[in-house]
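Okay, so here's the structure we're looking at.
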Amino acid sequence: MAAHQEKKIAEERKHQNMQNDTKTSQGQWGRAWEVDWFSLASILFLLMFAPLIVYYFIMSCDQYQCSLTDPLLDLLTGNKHLSDIWNRTPMLTYRAAAIYSLWVTFQVFLYVSIPDFCHKFLPGYVGGVQEGAVTPAGVVNKYEINGLQAWIITHVLWFANAYCFHFFSPTIIFDNWIPLLWCANILGYVVSTFAMIKGYFFPTNAKDCKITGNFFYDYMMGIEFNPRIGKWFDFKLFFNGRPGIVAWTLINLSFAAKQQELYGEVTNSMILVNVLQGIYVLDFFWNEAWYLKTIDICHDHFGWYLGWGDCVWLPYLYTLQGLYLVYHPVQLRTDYAIGILMLGLLGYYIFRMTNHQKDLFRRTNGNCRIWGKKPEYIECSYMSVDGTKYYSKLMTSGFWGWARHFNYTGDLMGSLAYCLACGFEHVLPYFYIIYMTILLTHRCIRDEHRCSSKYGKDWKCYTAVVPYRLLPGVF
């Protein structure tokens with residue numbers, strides 16, 4: 001009788017622990033349920049000032065030859081008023097609206113209407129219908145991976161126009177850069193607002209929604225985990241990759257064309273920026289299926305942070321190096337240019353090989369070889385909202401044994417190379433490395449907070465084996 005009672009108590013405790021684990025998972029996996037004052041202050045700051053930051057950078061190039069201090073000095077000394085700067089800013093035009101509408105419509109068409117065929121003839125490329133990671137509610141979404149195909153089709157048409165058809169000038173993006181900024185802002189706010197309304201009233205999966213009750217937090221960080229229209233149009237995948245990242249290389253090409261038009265040549269620094277950033281973009285689309293397992297897809301909800309950020313922040317601030325080089329062409333010494341190229345390629349190699357090791361480990365469930373040896377790992381488990389228990393492995397071999405986010409280290413090396421190609425005359429092109437350092441460091445901390453909540457004591461075991469985040473022996 002006593003044994004039966006003890007067994008009953010043990011089962012009740014086990015059930016209670018499972019409920020607590022589920023609540024923890026539900027509360028911390030994905031974005032937060034509750035908003036602390038620091039998070040709210042940060043969000044209000046970004047909502048108010050992020051659009052102004054983008055405008056300030058682009059305006060500084062257009063009116064002040066890329067100087068970030070001269071506009072402030074003019075305002076502080078009274079030489080100019082805000083109205084003077086604003087009145088000299090190009091406004092939204094019908095031409096820009098038509099260009100942007102056609103661009104977004106074309107990318108939507110490529111995304112939803114043409115199933116991927118690249119995986120059928122490109123060895124090693126993973127495209128077509130792929131499964132994403134398990135969501136907090138236990139859902140496994142399917143995606144049509146066709147970003148590389150969209151990028152290829154878009155760029156083939158771009159070069160065909162530049163060299164054969166001549167329907168529009170290759171400088172069209174630069175020539176309409178600020179009017180296009182207003183179009184991008186309109187789309188960013190429309191998409192973010194629609195995503196919030198959809199999350200409230202007709203979510204794709206209600207169990208994967210999080211509503212804090214704080215309007216500003218929910219608007220920025222999103223309510224829905226994976227908002228969709230129909231079976232295949234996934235907001236998060238589309239706006240993370242298209243139209244912003246497809247446009248990245250086109251924007252740089254337009255800047256190079258403008259440099260050729262203005263100065264009669266394309267400098268080696270502009271070529272370096274186009275090549276190194278082009279490699280990064282192509283890598284993104286070649287590994288789009290792998291991207292389904294990253295923090296953007298696996299943890300972030302879709303709100304203003306991703307919607308506006310991918311429409312405006314990414315295409316306008318990630319391309320500052322090319323824009324700067326239109327106003328300040330830099331011809332680098334050959335040895336310096338080679339050094340920058342080597343830094344960028346080394347950074348890319350570390351970034352790609354680190355991600356490849358993790359992908360190989362996942363695909364083979366650890367039955368592979370990393371640096372000639374069977375990989376070591378930490379066994380861990382976690383629960384979804386419905387109480388289903390899942391098991392996972394955290395690798396501690398290869399680059400992942402050096403630091404927990406060594407892929408970010410490679411990414412930062414590449415980012416630094418883009419900036420160094422612009423010389424040292426102005427600080428503006430170095431915004432990218434400063435921003436990426438802050439972003440990736442914050443992402444490390446944010447990702448590890450979620451992993452700690454998700455894996456519990458297993459995460460502590462992992463961090464004991466791999467103690468550094470980015471730089472072995474330092475941080």
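Residue numbers start at 1 and run along the sequence shown. The structure displayed is predicted, hence computed values, not measured ones.
- Note that CG of L470 is 4.0 Å distant from SG of C444, once rounded to the nearest 0.5 Å.
- A donor-acceptor pair shorter than 3.5 Å can be found between the side chains of Y143 and N226.
- Checked by atom type, the side-chain pair N214/T212 shows no donor-acceptor distance below 3.5 Å.
- With 3.5 Å as the limit, one finds a donor-acceptor pair spanning the side chains of N407 and N355.
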Practice problem: Give the intermediate values and the outcome of side-chain hydrogen bond (donor to acceptor under 3.5 Å, both in side chains) for residues H119 and D116. | Solution: CA-CA 7 Å; H119 69 280; D116 183 74; 2.6 Å; yes
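- Checking T249 against H155 by side-chain atom types alone, a donor-acceptor pair falls below 3.5 Å.
- By the 4.5 Å heavy-atom criterion applied to side chains, S42 and F38 are counted as neighbours.
- A cation-pi arrangement is found for K236 relative to F225, the charged atom lying closer than 6.0 Å to the ring centre and inside a 45° cone about the ring normal.
- Checked against L320 for a side chain to side chain contact (heavy atoms under 4.5 Å, CB included), the options F431, Y435, Y432 give a single hit: F431.
- Of the N and O atoms on the side chains of Y408 and T354, not one donor lies less than 3.5 Å from an acceptor on the other residue.
- Looking only at atom types and distance, the side chain of Q277 has a donor-acceptor partner in the side chain of W248 under 3.5 Å away.
- Using a 3.5 Å distance cut-off with no hydrogens or angles, the side chains of D74 and Y64 do pair a donor with an acceptor.
- No hydrogens or angles considered: a donor-acceptor pair under 3.5 Å links the side chains of Y291 and N240.
- Panel note: side chain D283, backbone I279; no donor-acceptor pair is recorded below 3.5 Å.
- Ring centroids of F235 and F233 are separated by less than 6.0 Å, placing the two rings close together.
- A salt bridge is absent between D84 and R88: the closest approach of a Lys/Arg side-chain nitrogen to an acidic carboxylate oxygen does not fall below 4.0 angstrom.
- More than 12 heavy-atom neighbours from other residues, nucleotides or ligands sit within 6.0 angstrom of CZ on F106.
- Between the CD1 atom of I271 and the CD atom of Q259 there is a distance of 8.5 Å, given to the nearest 0.5 Å.
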Under 3.5 Å, which donor-acceptor pairs link side chains of residues 161-172 to any protein atom two or more places apart or in another chain?
unit_1: N161; atom_1: OD1; unit_2: F167; atom_2: N; d: 2.6
unit_1: N161; atom_1: OD1; unit_2: F168; atom_2: N; d: 3.3
unit_1: N161; atom_1: ND2; unit_2: F168; atom_2: O; d: 2.9
unit_1: H166; atom_1: ND1; unit_2: A162; atom_2: O; d: 3.4
unit_1: S169; atom_1: OG; unit_2: T171; atom_2: N; d: 3.1
unit_1: S169; atom_1: OG; unit_2: T171; atom_2: OG1; d: 2.8
unit_1: T171; atom_1: OG1; unit_2: D175; atom_2: OD2; d: 2.6

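- Taken to the nearest 0.5 Å, the CE atom of M436 stands 7.5 Å off from the CD1 atom of I433.
- The residues E448 and R469 are annotated as salt-bridged, a charged nitrogen and a carboxylate oxygen being separated by less than 4.0 angstrom.
- Checking K198 against T204 by side-chain atom types alone, a donor-acceptor pair falls below 3.5 Å.
- In this structure, D300 pairs ionically with R446, as a charged nitrogen and a carboxylate oxygen lie closer than 4.0 Å.
- Around atom CZ of F121, more than 12 heavy atoms belonging to other residues, nucleotides or ligands sit under 6.0 Å away.
- The distance from atom OG of S60 to atom OH of Y324, rounded to the nearest 0.5 Å, is 13.0 Å.
- Taking CZ from R362 and OG from S392, the interatomic distance works out to 7.0 Å, rounded to the nearest 0.5 Å.
- For Y316 and W177, the gap between ring centers is short of 6.0 Å.
- Here the CG-CD1 distance, from L317 to I58, works out to 6.0 Å after rounding to the nearest 0.5 Å.
- Checking side-chain atoms of Y56 against main-chain N and O of L68 turns up a donor-acceptor pair under 3.5 Å.
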